[in-house]
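What follows is a set of notes on a single structure, which appears directly below.
Computation of the quantities below employed the complete heavy-atom set of this structure, encompassing side-chain atoms and omitting hydrogens, waters and symmetry-equivalent molecules.
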Amino acid sequence: MASSWFVLALLPALCLGTLPTSHAARAFFVFGDSLVDNGNNNYLVTAARADSPPYGIDTPDHRATGRFSNGKNVPDIISEHLGAEPVLPYLSPELDGDKMLVGANFASAGVGILNDTGIQFANIIHISKQLLYFQQYQKRLSSLIGAEQTARLVHGSLVLITLGGNDFVNNYYLVPYSARSREFSLPDYINYILSEYRQILTRLYDLGARRVLVQGVGPIGCVPAELALHSLDGSCDRELQRAAEMYNPRLMALLEDLNARYGSGVFVGVNMQRIHNDFIEDPKAYGFETATQACCGQGRFNGMGLCTVVSSLCADRDAYVFWDAFHPTERANRLIVQQFMSGSVDYIAPMNLSTVLAVDLHKEQMRT
């Protein structure tokens, strides 16, 4: 793969005053749930936190950072490919001055498309508030570099959004006969959450986002937590799999519709179910020993309860697809991002991230 594909589309030089210009490269913004949260929930009084060992065991300083992984998550690895430092959580007091030019991570573990998803976790940043924070971020940045340069930075940014899984696992299927499952049949529920997601994505566009990576729902019936509850032999839960299989094609159709309205390639859909299914169907082909057992946990498939210092912990994290009951290991995240970068349209459409970066770099060069 040509190394130039990983080069950032540089913005024209920003009038930064006293701010250093070394961070004037393409900004990166992240929205969504625990798959992409890198520490916002550390600053909240909530049960949905990953700020204690053994989370972060494979980071350089072996410190729990708030990422739901043994090490880096998908946004961190995308930042590596961009040649940029990881974006800071929006609630971090360190996100100030020139650090704001790198972007920000607004994600919060437990959230979904719907604002009633994750209410059992109490104080989390629902997606509507994440978008308000994005607006607030732009006002803060405008006070540093001006409104025109802020708009240019946001328009030239890369955005990642990851929502949907919790709307099934922690809402519709949270308990038998949940309020949402009594209110909606599964097809009608999918119609409802996608109509809400359309408004979220439209709002992102209105706030200036022009390149948005949208992750679909992974194989939610195959995560260790669901296997522990529903599986005798490690086979995936059929009902949860049915939900993901119904939802994901509809999400891709929604993105195609939005692109027809706003311009081809504004919204790029990532088929997380297809990516994860590769690992689950043949883990050894990807160097994993297991795709059913979590590395950190307890009970059946190590999928019961939380990952804590008293949990059963595997010795070789690289041999596991899943770090805890729901979230991938750093090694699995790296393979996921490989498909972001170079996957075919079966994995990411209408084009992969390497192509996005190459196209945007060419456009920037033509302008300058």
Side-chain angles (χ1 to χ4, degrees), residues 30 32-39 41-42 48-81 85-86 89 105 107 109 160 162 165 169 215 218-228 231 234 236 270 272-273 275-341:
V30 181
D33 57 27
S34 59
L35 290 168
V36 292
D37 182 0
N38 69 345
N41 280 22
N42 289 1
R49 293 165 69 111
D51 59 343
S52 300
Y55 285 99
I57 190 172
D58 294 312
T59 59
D61 58 4
H62 312 294
R63 183 175 63 88
T65 61
R67 292 162 173 82
F68 287 76
S69 178
N70 59 305
K72 295 185 176 181
N73 62 12
V74 164
D76 296 325
I77 299 162
I78 290 175
S79 291
E80 287 181 6
H81 284 286
E85 60 189 90
N105 186 317
L160 172 67
T162 303
V169 172
Q215 290 191 193
I220 50 179
C222 304
V223 299
E226 299 304 329
L227 298 183
S231 179
C236 303
V270 185
M272 295 301 290
Q273 187 169 25
I275 294 172
H276 269 286
N277 279 347
D278 287 349
F279 306 153
I280 289 164
E281 291 169 4
D282 192 359
K284 287 182 169 55
Y286 295 87
F288 297 111
E289 288 300 315
T290 177
T292 55
Q293 295 280 338
C295 172
C296 181
Q298 46 268 327
R300 302 179 68 246
F301 302 102
N302 239 12
M304 303 295 288
L306 303 174
C307 172
T308 70
V309 290
V310 297
S311 296
S312 171
L313 180 66
C314 70
D316 182 6
R317 271 74 70 182
D318 287 350
Y320 286 68
V321 171
F322 288 101
W323 158 247
D324 64 11
F326 290 100
H327 306 96
T329 58
E330 178 178 329
R331 183 166 178 271
N333 282 330
R334 288 192 176 279
L335 292 173
I336 289 166
V337 176
Q338 281 185 16
Q339 293 291 8
F340 273 69
M341 298 306 300

With sequence neighbours excluded, tell me which residues meet side-chain contact (heavy atoms from CB on, under 4.5 Å) with [X].
X      : answer
Thr308 : Leu306, Val310, Ser311
Ala50  : Tyr55, Phe68
Pro328 : Leu35, His276, Ala332, Asn333, Ile336
Asp58  : Asn70, Arg317

Just grab all the salt bridge (Lys or Arg N to Asp or Glu O under 4.0 Å) pairs involving [range], residues at least two apart or on different chains.
range            : result
residues 59-69   : Asp61-Arg63, Arg67-Asp76
residues 318-330 : Glu330-Arg334
residues 300-315 : none

Checklist entry - Once you find the SG atom in Cys222 and the one in Cys236, is the distance between them below 2.5 Å? => result yes

Those residues that, when tested against [X], pass side chain to side chain donor-acceptor pair (under 3.5 Å) (two or more places apart):
X      : answer
Arg331 : none
Thr292 : Thr290
Ser34  : His327

Are the side chains of [X] and [Y] in touch, meaning some heavy atoms are under 4.5 Å apart?
X      : Y      : answer
Ile280 : Pro219 : yes
Phe322 : Gln293 : no
Tyr286 : Val321 : no
Gln339 : Leu335 : no
Cys295 : Leu313 : yes
Ile220 : Glu226 : no
Val36  : Pro75  : yes
His81  : Ile78  : no

Locate the shortest heavy-atom distance separating [X] from [Y]; write the atom from each residue and the value.
X      : Y      : answer
Phe326 : Ala225 : CZ-CB, 3.4 Å
Phe301 : Pro224 : O-CB, 3.8 Å
Ala64  : Ser52  : CB-N, 3.5 Å
Asn105 : Asp37  : OD1-CA, 4.3 Å

Do the side chain of [X] and the main chain of [Y] share a donor and acceptor less than 3.5 angstrom apart?
X      : Y      : answer
Asn41  : Arg49  : no
Asn302 : Ala325 : no
Glu289 : Ala319 : no

Checklist outcome for this item: Hits for ring pair (Phe, Tyr, Trp, His ring centres under 6.0 Å) against Phe288, two or more places apart or cross-chain, chain-then-number order -> Phe279

Checklist entry - Quick one: ring pair (Phe, Tyr, Trp, His ring centres under 6.0 Å) partners of Phe340, sequence neighbours excluded? => result none

Checklist entry - Could you give the distance from CD1 (Ile77) to CE (Met341), rounded to the nearest 0.5 Å? => result 12.0 Å

Checklist entry - Please walk me through it: do Thr162 and Val30 pass side chain to side chain contact (heavy atoms under 4.5 Å, CB included)? => result CA-CA 8 Å; Thr162 303; Val30 181; over 6 Å; no

